[in-house]
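The structure appears right after this line, and notes come after that.
All values below were derived from every heavy atom in this structure, side-chain atoms included, with hydrogens, water molecules and symmetry-related copies excluded. In what follows, every chain begins at residue 1, and chains take the letters A, B, ... in the order their sequences are listed.
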Number of protein chains: 2
Amino acid sequence: MAIPAGQDALTITVLHGEDMPPGLSERVGDARLRFADDSTLADALPGSDVLLTWNFLSDAVRPAWATGGEGVRWVHTASAGVDRVAFPELLASDTTLTNSRGVFDVPMAEYVLGAILAFAKDLPTSLRLQDAGTWRHRETEPIAGRTAVVVGSGPIGHAITSLLRAAGLRVELVGRTARDGVHAFDALDGLLPEADFLVLAAPLTDQTRGLLHRGSIARMRDTARVVNVGRGPLIVQDDLVDALAAGRIAGAALDVFETEPLPADSPLWAMGNVIVSPHMSGDIVGWRDALVDLFAENLALFRDGRELRNVVDKARGYVSTSGGHS
Amino acid sequence: MAIPAGQDALTITVLHGEDMPPGLSERVGDARLRFADDSTLADALPGSDVLLTWNFLSDAVRPAWATGGEGVRWVHTASAGVDRVAFPELLASDTTLTNSRGVFDVPMAEYVLGAILAFAKDLPTSLRLQDAGTWRHRETEPIAGRTAVVVGSGPIGHAITSLLRAAGLRVELVGRTARDGVHAFDALDGLLPEADFLVLAAPLTDQTRGLLHRGSIARMRDTARVVNVGRGPLIVQDDLVDALAAGRIAGAALDVFETEPLPADSPLWAMGNVIVSPHMSGDIVGWRDALVDLFAENLALFRDGRELRNVVDKARGYVSTSGGHS
């Protein structure tokens, strides 16, 4: 990549967790990279032009921002959700915020369909019977003609909707506001009684936080299942556990949780009608490379002073344009 | 249902296993029903006009046929496969043979897609880690753009092909002979190296028996998985076990086996890259009722002397018309 002559080298702070962005140093030209984890971010951030939150679940950005954020002109998160970086101080600043929209859409849609089929075809029971060496015929469910209510009308929710419809389900899609083919968020309560599957793929915002709670679960069928690939706090987890234990709802496939990793003492681990997976629904082989590609593309635009891809609408909490990755 | 006046009452022998056809007695008018199991079929069959093989996996029909089959004008099997009733003596007779084509197509296609997604999204590992209370992130595979080779170009194979294509896979369909959109059986060897997923949904015939064996497995990728929803003997099971154990193939989802129930000492039970299910891929809630409906419809046609639905081409071993259920 050609670096414009005479331009001061950029400083990019990379907030990482256990893993690091592959090949990043070869993708940033003459920029200086500072690698920091949760404990060192506050020291690394001052004087940085760019922050890449590779560990997109870190809660360290907000406290570090208070002392070192003022010079940061661009924050990019290696996730579709922006909940850890969309805090008031950053939202009030002139800093541009971008996300990794587009990398995860189809893989997450496939994951959701896999979870729905696992429930319909009783696959967890088959595997547990297999481990016990037990042959036990059961009757299973069709998915054709069943109803899914998908919450989240961004690219991920749309990819889920397309794939589920292709597989024969009827889908009702719920977004922030009503538009063509999308129900407004306040229509959700009325749709819940129709749902055989409730799929959560919404950003975590003030509107969506805790959207599934005792009261909304009570509107659902006792045969319904929940699939959450969005963010854990979309669900009041204790309420869901109670409902699952009492049979007021038939099952849940959860890829995200209020606390991650899911604590060892969570009752969810041992529930036979729950599928626990470790926040990986979109993470196909090569996903880290795709995330680095996206950051590098945006870095080139940033250097050229051009509009970045996947700019988050800071008033809404998500990318509101239809351009860029989808 | 009106029964034509003046017609001698029919005698229908029902070969059952542990379960019985629900509500059958209310669906047969004045016909006499004789219920028999494997041990009593030979006594029940003589003098029967019709044989309903509700237990479609029974091997008792051929020996009973030798002494009591001559007056039986129609045999209907509660399955898509006809391997247990398509023995030479019956094939050489004037007896009409019908099957239950159409009841299982879409449920089986959904089952196959569920198995493919379970492999791609590593669901068995997630469930086993969940049972161990272990949070371990892994990278998964996309299914979009992957290649499935589907063997069996009847209604079930076509339903599988349609659903997999809708979910984004590339599908090569293999049948007995080449026709529009279908490869001839002898093209299979050339297609095996392309398969990410090999799906077996063929009838069990002399041509298809043992189609997957050491030699054909050797043509496959070591990342490929096999899904068998047809009949167990399509696969030389010991060869598959060896290949799975040696990593020459990546996994198998098996709903059918050489011997059913799968014997307790089969190594398949304990293989982590195998999904064992108990011959239930098409058996959605209500399937028994659908099978009785189909038999009752055909019984009305039989009484009226009209052409039955799902008549098996006794030269080929399967229903060759495109009429009736599909």
Inspect the contact between Asp122(A) and Arg138(A) and indicate whether a charged nitrogen and a carboxylate oxygen are less than 4.0 angstrom apart. yes

Which portion of Phe257(A) sits near chain B, non-hydrogen atoms under 4.5 angstrom: side chain

Which atoms of Arg288(B) are under 4.5 Å from chain A, going by heavy atoms: the side chain, the backbone, both sets, or neither? side chain

Taking the side chain as every heavy atom from C-beta outward, state whether Leu15(A) and Phe56(A) have any atom pair closer than 4.5 Å. no

If I compare all heavy atoms of Glu139(B) with all of Gly286(A), which pair ends up nearest, and what's the gap? OE1-N, 4.1 Å

Between the main-chain N or O of His279(A) and the side-chain N or O of Asp255(A), is there a donor-acceptor pair closer than 3.5 Å? yes

Max heavy-atom pair count under 4.5 Å with chain A, selected residue of Ala166(B), Gly114(B), Ala115(B), Pro142(B): Pro142(B)

Thr134(B), part contacting chain A, at a heavy-atom distance under 4.5 Å: backbone

Taking 4.0 angstrom as the limit, do Glu141(A) and Arg225(A) come out as a salt bridge? yes

Part of Ala144(A) within contact of chain B (heavy atom distance under 4.5 Å): both

When heavy-atom pairs shorter than 4.5 Å are enumerated against chain A, which of Asp131(B), Ile275(B), Leu117(B), Thr140(B) gives the highest number? Thr140(B)

Let's test your reading of the structure: which of Leu164(A), Leu113(A), Ile116(A), Leu129(A) forms the most heavy-atom pairs below 4.5 Å with chain B? Leu113(A)

Is any NZ, NE, NH1 or NH2 atom of the basic residue among Arg221(A) and Glu194(A) found under 4.0 Å from an Asp or Glu carboxylate oxygen of the other? no

Which of the residues Thr125(A), Val274(A), Leu268(A) is involved in the greatest number of heavy-atom pairs with chain B at under 4.5 angstrom? Val274(A)

Specify which of Ser126(B), Gly133(B), Ala132(B) makes the most heavy-atom pairs with chain A at under 4.5 Å. Gly133(B)

Using a strict threshold of under 4.0 Å (side-chain N to carboxylate O), is an ion pair present between Asp242(A) and Arg248(A)? no

Side chain, backbone, both or neither: which part of Val106(A) has a heavy atom under 4.5 Å from chain B? side chain

Using non-hydrogen atoms and a 4.5 Å limit, figure out which bit of Ile143(A) sits close to chain B: side chain, backbone, both or neither. both

Can you label the angle between the Trp135(B) ring and the Trp269(A) ring as parallel, tilted or perpendicular, going by 30° and 60°? perpendicular

Most chain B-contacting option - heavy-atom pairs closer than 4.5 Å, from Pro278(A), Ser281(A), Ser162(A), Gly272(A): Pro278(A)

Check each atom of Ile284(B) against the heavy atoms of chain A and say whether the ones under 4.5 Å are side chain, backbone, both or neither. both

In short, Val292(B) meets Pro21(B) closest at the heavy-atom pair CG2-CB, 3.8 Å

Segment of Met108(A) engaging chain B (4.5 angstrom heavy-atom cut-off): neither

